[in-house]
Amino acid sequence: MPVNNLDSLLHTVISISRQAGEKIMEIYGGEFKVDVKEDQSPLTEADLAAHHCIVEKLSKLSDFPIISEESSEIPFSQRKQWETYWLVDPLDGTKEFVKRNGDFTVNIALIHRHKPILGVVYVPVKRQCYYAANTIGAFKQTDNEVAQPITVKAVNQEKLVIAGSRSHVTSELEHYLNNLPEHELISIGSSLKFCLVAEGIADVYPRMGLTNEWDTAAAQCVVEQAGGKVVELDGQELRYNNKESLLNPYFLVFGDNSHDWAGYAKS
């Protein structure tokens, strides 16, 4: 299937994300076991149920290879040959899922030549979907209501609004926040921090901590199609599948490109 058929792909991926969300919610409402992976991150049967649902349906949708958080052990020697592939986090925010605070998402992205060209971020608890694709724009849809286009906002110098991690506070992030002028911090889990920037609620999301490529790709597409940027601290665009490790460097997500967001990270 050609990657220029993004509109058709996008609507199908939205449907797949909703189906995965239903699998997650079936488990969310009951008792569930929490295992611990080698990297000490939590794993639940909801992660696996969503993973199997998404991989099965994406495999039927196209011949593009798939990297999912729950099946990511693919050698770089193999995946560096890929021009186009799916990048999936079946349940982004497992810690929030375990805490039952609702701040978790299903993330599905299509990567083409190291860049996300399609992204869907689905919030199962709220039945909300943020989605985007190249040349199509960025949208937010709640349940079956009419989808609304979303855009980033111009910065308000008098009071910045910062999206921050609920579960990952580092000394580098504290340094960044201390360098900011007066600001309000909205703490929220998963890729919802990206979405706050994309829909013009937050000005910036500084990530001074470890993330994996599947954590960010779908939401990066949403932010970029909404008019924002996702860059490393040196200003380079965050890119995918160009190195052995699938860990991301520190990065900044922002809406207003006229502001020097990276300056606050400097000592």
Side-chain angles (χ1 to χ4, degrees), residues 10 13-14 16-18 20-21 24 50 69 87-97 101-110 115-134 136-143 145-155 160-168 173 183-207 209 211-231 237-238 240 248 251-257 261:
L10 182 58
V13 173
I14 291 169
I16 293 172
S17 73
R18 291 180 181 273
I24 290 170
E69 177 177 8
L87 184 55
V88 177
D89 192 341
L91 202 174
D92 180 31
T94 303
K95 290 182 179 179
E96 317 307 330
F97 175 88
N101 64 24
D103 288 354
F104 52 88
T105 60
V106 176
N107 299 343
I108 305 176
L110 184 64
K115 298 177 65 174
I117 61 170
L118 178 154
V120 174
V121 177
Y122 182 62
V123 192
V125 168
K126 295 182 177 180
R127 297 180 63 85
Q128 285 181 340
C129 190
Y130 297 86
Y131 62 88
N134 280 12
I136 293 172
F139 298 85
K140 178 182 180 181
Q141 183 180 31
T142 301
D143 210 352
E145 297 175 6
V146 176
Q148 301 297 320
I150 56 176
T151 59
V152 299
K153 68 172 181 175
V155 67
L160 302 177
V161 179
I162 315 301
S165 177
R166 181 170 275 165
S167 300
H168 304 277
L173 176 60
H183 64 273
E184 173 190 358
L185 177 64
I186 301 176
S187 294
I188 195 167
S190 71
S191 55
L192 289 169
K193 295 178 284 292
F194 284 80
C195 296
L196 290 181
V197 175
E199 63 182 316
I201 293 175
D203 293 294
V204 63
Y205 161 38
R207 182 61 185 224
T211 56
N212 290 289
E213 293 188 2
W214 51 75
D215 294 317
T216 58
Q220 177 172 344
C221 184
V222 173
V223 169
E224 290 177 342
Q225 292 303 309
K229 298 279 189 182
V230 182
V231 302
E237 184 181 272
L238 190 64
Y240 294 84
N248 288 320
F251 60 83
L252 300 169
V253 182
F254 52 83
D256 192 335
N257 195 31
W261 299 109

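Values reported hereafter were calculated over all heavy atoms of this structure, with side chains retained and with hydrogens, waters and symmetry mates removed.
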Close side-chain approach of [X] and [Y], heavy atoms under 4.5 Å:
{"X": "V230", "Y": "L252", "value": "no"}
{"X": "I108", "Y": "I16", "value": "yes"}
{"X": "V125", "Y": "F104", "value": "yes"}
{"X": "W261", "Y": "K229", "value": "no"}
{"X": "R18", "Y": "Y122", "value": "yes"}
{"X": "N248", "Y": "E213", "value": "yes"}

Check: [X] side chain, [Y] main-chain N or O, donor-acceptor pair, under 3.5 Å:
{"X": "D143", "Y": "R127", "value": "no"}
{"X": "N107", "Y": "D89", "value": "no"}
{"X": "D256", "Y": "V155", "value": "yes"}
{"X": "Q220", "Y": "E224", "value": "no"}
{"X": "D103", "Y": "I188", "value": "no"}

Item to complete: Quick one: do C129 and V120 satisfy side-chain contact (heavy atoms from CB on, under 4.5 Å)? Show the steps, please.
Response: CA-CA 7 Å; C129 190; V120 174; 3.7 Å; yes

Fill in: Intermediate values then yes/no, side-chain contact (heavy atoms from CB on, under 4.5 Å), I162 and Y205
CA-CA 6 Å; I162 315 301; Y205 161 38; over 6 Å; no

Worksheet entry | For D215, salt bridge (charged side-chain N to carboxylate O under 4.0 Å, His left out) partners two or more places apart | none

What closest approach, in Å, do [X] and [Y] show between heavy atoms, and which atom pair accounts for it?
{"X": "L87", "Y": "A217", "result": "CD2-CB, 3.6 Å"}
{"X": "I150", "Y": "F139", "result": "CG1-N, 3.9 Å"}
{"X": "A132", "Y": "V222", "result": "CB-CA, 3.6 Å"}
{"X": "S191", "Y": "V121", "result": "OG-CG1, 3.4 Å"}
{"X": "P124", "Y": "T105", "result": "CD-CA, 4.2 Å"}
{"X": "P206", "Y": "A163", "result": "CD-O, 3.5 Å"}

Practice prompt. Go through the side-chain N and O atoms of T211 and T216 and say whether any donor and acceptor fall under 3.5 Å apart.
Written response: no

Worksheet item: With distance as the sole criterion, is a donor-acceptor pair present between the side chains of Q225 and N134 under 3.5 Å?
Response: yes

If you round to the nearest 0.5 Å, how far is [atom2] of [Y] from [atom1] of [X]?
{"X": "T142", "Y": "Q148", "atom1": "OG1", "atom2": "CD", "answer": "9.0 Å"}
{"X": "I24", "Y": "S17", "atom1": "CD1", "atom2": "OG", "answer": "9.5 Å"}
{"X": "Y240", "Y": "E237", "atom1": "OH", "atom2": "CD", "answer": "9.0 Å"}
{"X": "E184", "Y": "I186", "atom1": "CD", "atom2": "CD1", "answer": "5.0 Å"}

Response to the item:
By ring-ring contact (aromatic ring centres under 6.0 Å, His included), Y130 pairs with (sequence neighbours left out) none

Discussion item. Using the rule given for side-chain contact (heavy atoms from CB on, under 4.5 Å), can you reason through Y131 versus L118, listing the C-alpha separation, both sets of side-chain angles and the distance that settles it, and then say yes or no?
Written reply: CA-CA 8 Å; Y131 62 88; L118 178 154; over 6 Å; no

Item to complete: Could you tell me how the ring of F251 sits relative to the ring of F194: parallel (under 30°), tilted (30 to 60°) or perpendicular (over 60°)?
Response: tilted

Worksheet item: Heavy-atom count around K153 NZ within 6.0 Å, excluding the residue itself: above 12?
Response: yes

